[in-house]
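Computation of the quantities below employed the complete heavy-atom set of this structure, encompassing side-chain atoms and omitting hydrogens, waters and symmetry-equivalent molecules.
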Amino acid sequence: MEEVNNVTEFIFWGLSQNPEVEEVCFVVFSFFYMVILLGNLLIMLTVCSGNLFKSPMYFFLNFLSFVDICYSSVTAPKMIIDLLVKKKTISYVGCMLQLFGVHFFGCTEIFILTVMAYDRYVAICKPLHYMTIMDRERCNKMLLGTWISGFLHSIIQVALVVQLPFCGPNEIDHYFCDVHPVLKLACTDTYIVGVVVTANSGTIALGSFVILLISYTVILMSLRKQSSEGRRKALSTCGSHIAVVIIFFGPCTFMYMRPDTTFSEDKMVAIFYTIITPMLNPLIYTLRNAEVKNAMRKLWARKVSWETTGK
């Protein structure tokens, strides 16, 4: 007998079934999402108005902030609204679009972080050839490559899921549509699909993480030849990148480098890479980067001067 997809919507269990906990979470995550929007918009405004866009590092940082806003916006607004309602539903089409968005922007962020590590490698290990290697044309091509790679990855994930039949139940033990929780609801054997999903996501997450570890190891080893001032500046910049990489890739590797299984801790782990990392990125890059802080001071001084003089 042919199995038919008769599920038109899914129901989320959400972060908690306790109304009091949900009220606290609503306040906390509303604040977090506001910080994500304001912090990353401030980074983008500073880079664009502070004449930092010409530098490859800030060129990629600008787009990292943009991706962070898009990435968190795929899940956070829906999650925040659901904290106020008893029945947390999403249409089948909406679920597939959310799944696409999570993997598209998440994978794009992974590749942008990888490109930023390569940029730091060239800047520190090959400083004399930096502007030749990291010219604007190459930066544009690398950025385009991150978007195309993210698109291809997410298309594969969605294509694997949409061809599965869903005939009930339709309750997802999560706060957004991700591959593993959705696969559990399919009324057919999903072993092969689960293996392909794990190979696809896991290879990208672990492979990029290994590349990043190798590149930063090479960078740190090369710093021994630098002056004390050069080491200090390089460590300050690289320290920001390494902090972001650990916070983002740790949870991602836990989620996607494993068989098609789900754990009760998955929701808490997912919060790190969908909410916490996009929120911390502006703070990490701002607090540890003197050039960004100086550009922000100039931007603020310009704003105060304009308000005072009207010019």
Side-chain angles (χ1 to χ4, degrees), residues 28-77 80 101-102 104-120 123 130-131 134-147 150 233 236-245 247-248 273-311:
V28 171
F29 288 112
S30 294
F31 173 74
F32 284 177
Y33 185 57
M34 183 174 65
V35 172
I36 290 170
L37 295 180
L38 295 178
N40 283 291
L41 284 172
L42 180 59
I43 290 286
M44 293 171 66
L45 180 62
T46 302
V47 171
C48 293
S49 64
N51 204 27
L52 299 177
F53 210 78
K54 297 176 182 178
S55 167
M57 183 174 78
Y58 298 111
F59 172 79
F60 292 118
L61 176 59
N62 181 68
F63 283 99
L64 177 66
S65 294
F66 174 73
V67 171
D68 274 337
I69 291 174
C70 296
Y71 186 36
S72 60
S73 296
V74 173
T75 59
I80 292 168
V102 167
F104 175 48
F105 292 113
C107 186
T108 301
E109 176 152 348
I110 285 175
F111 287 122
I112 288 179
L113 289 171
T114 306
V115 168
M116 290 176 75
Y118 175 73
D119 170 70
R120 290 302 85 203
Y130 178 65
M131 295 312 298
M134 299 299 293
D135 59 15
R136 180 45 58 90
E137 183 181 357
R138 179 163 296 182
C139 287
N140 288 332
K141 288 179 180 178
M142 293 170 77
L143 182 66
L144 179 62
T146 65
W147 288 102
K233 290 182 65 176
S236 177
T237 303
C238 291
S240 304
H241 294 196
I242 293 171
V244 170
V245 165
I247 295 171
F248 185 75
Y273 60 84
T274 59
I275 303 290
I276 303 300
T277 302
M279 181 183 68
L280 291 180
N281 276 357
L283 298 175
I284 291 171
Y285 281 108
T286 302
L287 294 176
R288 295 186 61 86
N289 195 303
E291 199 167 356
V292 173
K293 286 190 284 189
N294 289 335
M296 284 184 174
R297 290 192 193 101
K298 291 178 182 177
L299 182 65
W300 180 256
R302 195 184 311 163
K303 178 179 180 296
V304 172
S305 174
W306 183 84
E307 289 179 348
T308 303
T309 63
K311 297 180 181 180

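- Looking only at side-chain heavy atoms (C-beta outward), Met134 and Met57 stay at 4.5 Å or farther from each other.
- Between Met142 and Thr146 there is no side-chain heavy-atom pair separated by less than 4.5 Å.
- Rounded to the nearest 0.5 Å, atoms OG (Ser73) and CG (Leu37) are 5.5 Å apart.
- Across Asn140 and Phe59, no two heavy atoms sit closer than the pair OD1-CZ, 3.3 Å.
- Taking all atoms of both residues into account, the shortest heavy-atom contact from Ser30 to Ile80 is OG-CG2, 3.4 Å.
- Atom CG in Leu144 sits 12.5 Å away from atom SG in Cys139 (nearest 0.5 Å).
- A donor-acceptor pair under 3.5 Å is formed between the side chain of Asn40 and the backbone N or O of Ile36.
- Scanning all heavy atoms of the two residues, the minimum distance from Val67 to Phe105 falls at CG1-O, 3.4 Å.
- The heavy-atom pair separating Asn62 from Met44 by the smallest distance is OD1-CA, 3.3 Å.
- Between the side chain of Asp119 and the backbone N or O of Val115 there is no donor-acceptor pair closer than 3.5 Å.
- Rounding to the nearest 0.5 angstrom, the gap separating the CD1 atom in Ile247 from the CG atom in Leu280 is 5.0 Å.
- Across Phe111, Phe63, Phe104, a single residue satisfies ring pair (Phe, Tyr, Trp, His ring centres under 6.0 Å) together with Trp147, and that is Phe104.
- Taking a 6.0 Å sphere around CZ of Phe66, one finds it holds 12 or fewer heavy atoms contributed by other residues, nucleotides or ligands.
- Once rounded to the nearest 0.5 Å, the distance linking CE of Met279 with CD1 of Ile276 reads 4.5 Å.
- For the atom pair Tyr273 OH and Ser72 OG, the distance stands at 13.5 Å (nearest 0.5 Å).
- Taking 4.5 Å as the limit, every side-chain heavy atom of Tyr33 sits out of range of all side-chain heavy atoms of Ile275.
- Separation of atoms CZ (Phe248) and OH (Tyr71) is listed at 4.5 Å; rounding is to 0.5 Å.
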